[in-house]
Amino acid sequence: MNVFAHVEGLIRASLSAMQADGVMPADIDVSGIEAETPRDSSHGDFATNAAMVLAKKAGMKPRDIAEALKVRMEAFEDVEKADVAGPGFLNISFKPEFWQSMVGTILAAGELYGQVDLGKGTKTNVEYVSANPTGPMHVGHCRGAVFGDALARLLEFAGYDVTREYYVNDAGGQVDVLARSVFLRYREALGEDIGAIPEGLYPGDYLKPVGEALVAEYGDKLKSREAADWMPVARAKAIEMMMVMIREDLAALNIQHDVFFSEASLQANGRDRISEAIDVLKSKGLIYEGVLPKPKGHEDEEWEEREQVLFRSTEFGDDVDRAIAKSDGSYTYFAGDVGYHYDKLQRGFSHIINVFGADHIGYIKRMKSAVAALSDGKADFDIKVCQLVKLFRAGQAVKMGKRLGTFVTLREVVDEVGRDPVRFMMLYRKNDAPLDFDFAQVTEQSKDNPVFYVQYAHARSASVFRNAAEAFEGLDTSPDALTQAELSKLTDPGEIELIKMLASFPRLIEGAARAHEPHRLAFYLYEVANALHSQWARGNDSPQLRFIAQGDRGLTVARLAMIAATQRVISSGLGVLGVEAPDAMR
RNA sequence: GCACCGGUAGCUCAGCUGGAUAGAGCACCAGACUACGAAUCUGGGGGUCGGGAGUUCGAAUCUUCCCCGGUGCGCCA
């Protein structure tokens, strides 16, 4: 049950009744109004701006509408009171019974609590990571990987039918370079002295096993063959083994994709989706041959004007039209992406999300243009950009350089600090803001470390259950027993406050899913943990507030029900973020 | 030069798509352990929301023009 939807329903019903009674004109639309939590809790549980929104349309004073609405709202059984405030807000408070019953609602819903039907089963494609299969993943990939995975989980939780996809760039010049690098390692594995790896090839040791694998499979048979013969073999083997490595890296972060989509497959099996996509664009008059203007600002000595096939992306807000084919007639990388997204559309995805690294920002407009053109603007297409991650060790920035070979791999980070801290910290920031990742902070077990803080709240709750079983002989803490608890005993303001926070979980999920912003959930969980820790500490000062109430079984069970509901929200929320909710921290 | 993303407390950042007196953590100061795990909690000081103009009942949030920082910018993927 979504309390906000419930309250909005009550408000709408009241407004409709006012229209039926002639208090307010019947011909105005009343559906757009909202309920929200007031910033200041002394203003009540909910506030609605309905009166101010409708004042103009109704030709009435906001406060007059609010007064009429107040009377209607107070007629509902759950409503304790409603007050008109400020320019026309209506502050609404619910009776304690209403909040107490939410605990039962949460427990009854179990792991379904918080799930909403925002997506209504919409076929959704989330593409993330898509790192080139030319080496192991480094930290730069890490944020996008975690973000994409959490977003996919979030959307599933919110009722979307999600496919997680990885676009494998297994075509083009880059993988040819990979193949050449591997062939060198192959000769090395045969005992040849290959000396230093030439400039322009991949120098990493991780290609040695690929060379050895080729020896194991082909012996020295490839050595004397023409490049045209060994290239495809070396390339295929290299890509295969690199993708195995990448999948292992992703698995270390608890990330799995449903589809690994091969770029090369776009033009395979007797079909060419790239040319199909271009034909579609042609039929819309969006393809032409032309010359691109020289970019301004930086001097480029080697600039030459060349005629090539272009896509009229400026029709869709792009800065310049984009090249589909190179001057030699072969496709650009962008052409492949056009074909790929054409394929996504053909597979029936109406909701498509791409997660980009900051280095691909310049690519956004042309992709949006392409998808808008291919789908006639019908597809819901969003690109989320993950900004850079800066690593810090003991307050010092960790310098990384690809050329120096000093980049930190994803695996190194996960091995050092653990999967959960990496995941949570990558999400504890808005995706489009840069992120500082401090090894010391992330491994610390204290309040400074939000992952720990949230997990600790869950573990601490589990500890209460362990102790309760000892304090009361034969105490029944089964889900059924907790659902039957006398919730009316939960009267402390701190308890009610905690419950209200739990009650807002579905709305939080809805907003985060709608905005494609998993970080909201991370911050919310921190607040829930804080509310629990606070209530716990009140028990230190006031023993009668302790969750385990000496000699009072009924009260204890009621509080355990509240704790169980809190655990439910934390574990479900962490689950959406792909983080464990442990029962003990030591 | 153009585009995109940032600019909110000393520091790191939230701010729920326009709501009421702008929040949290760290740091600083002052408190709470015969403990349901103090790995925690309570209180306090601290802000021209980068700047100007505009839109309206109401702006950190929307429009526009500047300033600062980051990133990217023809046939590399």
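What you see is a predicted model; the values in this text were computed from it and never measured. Numbers restart at 1 for each chain; the letters A, B, ... are given by sequence-line order, proteins then strands.
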Enquirer: Picking from A14(B), G6(B), A3(B), which would you name as closest to the side chain of F523(A)?
Expert: A14(B)
Enquirer: Which part of the nucleic acid, if any, lies within contact of S534(A), taking any heavy atom under 4.0 Å across all strands shown: a base, the sugar-phosphate backbone alone, or nothing?
Expert: sugar-phosphate
Enquirer: Give one of base, sugar-phosphate or nothing for N91(A), where a contact means two heavy atoms less than 4.0 Å apart.
Expert: base
Enquirer: With a centroid cutoff of 5.5 Å and a plane-angle limit of 30°, would you call W536(A) stacked on C36(B)?
Expert: yes
Enquirer: Is any side-chain nitrogen or oxygen of R429(A) closer than 4.0 Å to OP1 or OP2 of C13(B)?
Expert: yes
Enquirer: It should be established whether N449(A) places a side-chain nitrogen or oxygen under 4.0 Å from OP1 or OP2 of nucleotide A39(B).
Expert: no
Enquirer: Could you work out which one of U40(B), C36(B), A77(B) sits closest to the side chain of I548(A)?
Expert: C36(B)
Enquirer: Do any side-chain nitrogens or oxygens of K326(A) fall under 4.0 Å of OP1 or OP2 in A77(B)?
Expert: yes
Enquirer: In the structure shown, which nucleotide is the Watson-Crick or G-U wobble counterpart of G46(B), with both distances under 3.5 Å?
Expert: none
Enquirer: Compare the minimum distances between each of G19(B), C13(B), A77(B) and the side chain of M52(A), then state the nucleotide with the smallest one.
Expert: G19(B)
Enquirer: Are Y453(A) and C41(B) close enough that a side-chain N or O sits under 4.0 Å from OP1 or OP2?
Expert: yes
Enquirer: How is A358(A) classified with respect to the nucleic acid when contacts are heavy atoms under 4.0 Å: base, sugar-phosphate, or nothing?
Expert: sugar-phosphate
Enquirer: Classify the side chain of D337(A) and the base of A77(B) as holding, or not holding, a donor-acceptor pair under 3.5 Å.
Expert: no
Enquirer: Applying a 4.0 Å non-hydrogen cut-off, can you work out what E263(A) is touching in the nucleic acid: base, sugar-phosphate, or nothing?
Expert: sugar-phosphate
Enquirer: Checking all strands, does A584(A) fall into the base, sugar-phosphate, or nothing category for heavy-atom contacts under 4.0 angstrom?
Expert: base
Enquirer: Side chain of E36(A) only, heavy atoms from C-beta on: which candidate in G19(B), G74(B), C5(B) is closest?
Expert: G19(B)
Enquirer: Select base, sugar-phosphate, or nothing to describe what N530(A) touches, counting heavy atoms under 4.0 Å on all strands.
Expert: sugar-phosphate
Enquirer: Between F89(A) and A20(B), do the rings stack, that is, sit under 5.5 Å apart with planes less than 30° off each other?
Expert: yes
Enquirer: From the list A20(B), A38(B), G37(B), which nucleotide is the closest neighbour of the side chain of R39(A)?
Expert: A20(B)
Enquirer: Using heavy atoms to find the nearest nucleotide of RNA chain B for V464(A) and S327(A) separately, return the residue whose nucleotide is more 5′.
Expert: V464(A)
Enquirer: Give the C-alpha distance, both sets of side-chain angles, the deciding distance and a yes or no for side-chain contact (heavy atoms from CB on, under 4.5 Å) between H516(A) and L155(A).
Expert: CA-CA 8 Å; H516(A) 302 163; L155(A) 291 174; 4.2 Å; yes
Enquirer: With distance as the sole criterion, is a donor-acceptor pair present between the side chains of Y288(A) and D321(A) under 3.5 Å?
Expert: yes
Enquirer: Are G72(B) and H360(A) stacked, with the base six-membered ring and the side-chain ring centres under 5.5 Å apart and planes under 30°?
Expert: no
Enquirer: From the list G74(B), G19(B), C41(B), which nucleotide is the closest neighbour of the side chain of H533(A)?
Expert: C41(B)
Enquirer: Please name the nucleotide paired to C13(B) by Watson-Crick or G-U wobble geometry with both distances under 3.5 Å, or report none.
Expert: G23(B)
Enquirer: So, taking the atom named CG in L560(A) and the one named CG in L555(A), what distance separates them when rounded to the nearest 0.5 Å?
Expert: 9.5 Å
Enquirer: Does a donor on one side chain and an acceptor on the other come within less than 3.5 Å for D45(A) and S93(A)?
Expert: no
Enquirer: Taking OP1 and OP2 of G37(B), is either one under 4.0 Å from a side-chain nitrogen or oxygen of H458(A)?
Expert: no
Enquirer: Can you measure from OH (Y128(A)) to NZ (K384(A)) and round to the nearest 0.5 angstrom?
Expert: 16.0 Å
Enquirer: Taking for each residue the nucleotide of RNA chain B with the nearest heavy atom, is it N49(A) or Y526(A) whose nucleotide lies nearer the 5' end?
Expert: N49(A)
Enquirer: Does R306(A) make a side-chain donor-acceptor contact with the base of C75(B), cut-off 3.5 Å?
Expert: yes
Enquirer: Could you check which nucleotide pairs with G37(B) in any of the strands shown, counting Watson-Crick or G-U wobble with both distances under 3.5 Å?
Expert: none
Enquirer: Indicate whether OP1 or OP2 belonging to G15(B) is found under 4.0 Å from a side-chain N or O atom of K430(A).
Expert: yes
Enquirer: Given C75(B), A35(B), C13(B), identify the nucleotide with an atom nearest to the side chain of R546(A).
Expert: A35(B)
Enquirer: What does A325(A) touch in the nucleic acid at a heavy-atom separation under 4.0 angstrom: a base, only the sugar-phosphate, or nothing?
Expert: nothing
Enquirer: Give the minimum heavy-atom separation between E473(A) and R553(A), together with the two atoms involved.
Expert: O-NH2, 2.6 Å
Enquirer: Just call it for G511(A): base, sugar-phosphate, or nothing, with non-hydrogen atoms closer than 4.0 Å on any strand.
Expert: nothing
Enquirer: Among the candidates A77(B), U40(B), A20(B), find the nucleotide nearest to the side-chain atoms of Q174(A).
Expert: A77(B)
Enquirer: Both distances below 3.5 Å, Watson-Crick or wobble geometry, any strand: find the nucleotide opposite G6(B).
Expert: C68(B)
Enquirer: Select one nucleotide: of G15(B), A14(B), C41(B), the one nearest the side-chain heavy atoms of E517(A).
Expert: G15(B)
Enquirer: Classify F452(A) by what it touches in the nucleic acid, base, sugar-phosphate, or nothing, heavy-atom distance under 4.0 Å.
Expert: base
Enquirer: Describe the nucleic acid contact of A459(A) in one word from base, sugar-phosphate, nothing, applying a heavy-atom distance below 4.0 Å.
Expert: base
Enquirer: Would D436(A) and Q441(A) satisfy side chain to side chain donor-acceptor pair (under 3.5 Å), going step by step from the backbone distance to the final call?
Expert: CA-CA 10 Å; D436(A) 291 346; Q441(A) 185 204 345; over 6 Å; no
Enquirer: Would you mind classifying the nucleic acid contact of A47(A) as base, sugar-phosphate or nothing, using non-hydrogen atoms under 4.0 angstrom?
Expert: base
Enquirer: Which nucleotide, A39(B), G19(B), C16(B), lies nearest any side-chain atom of Y456(A)?
Expert: A39(B)
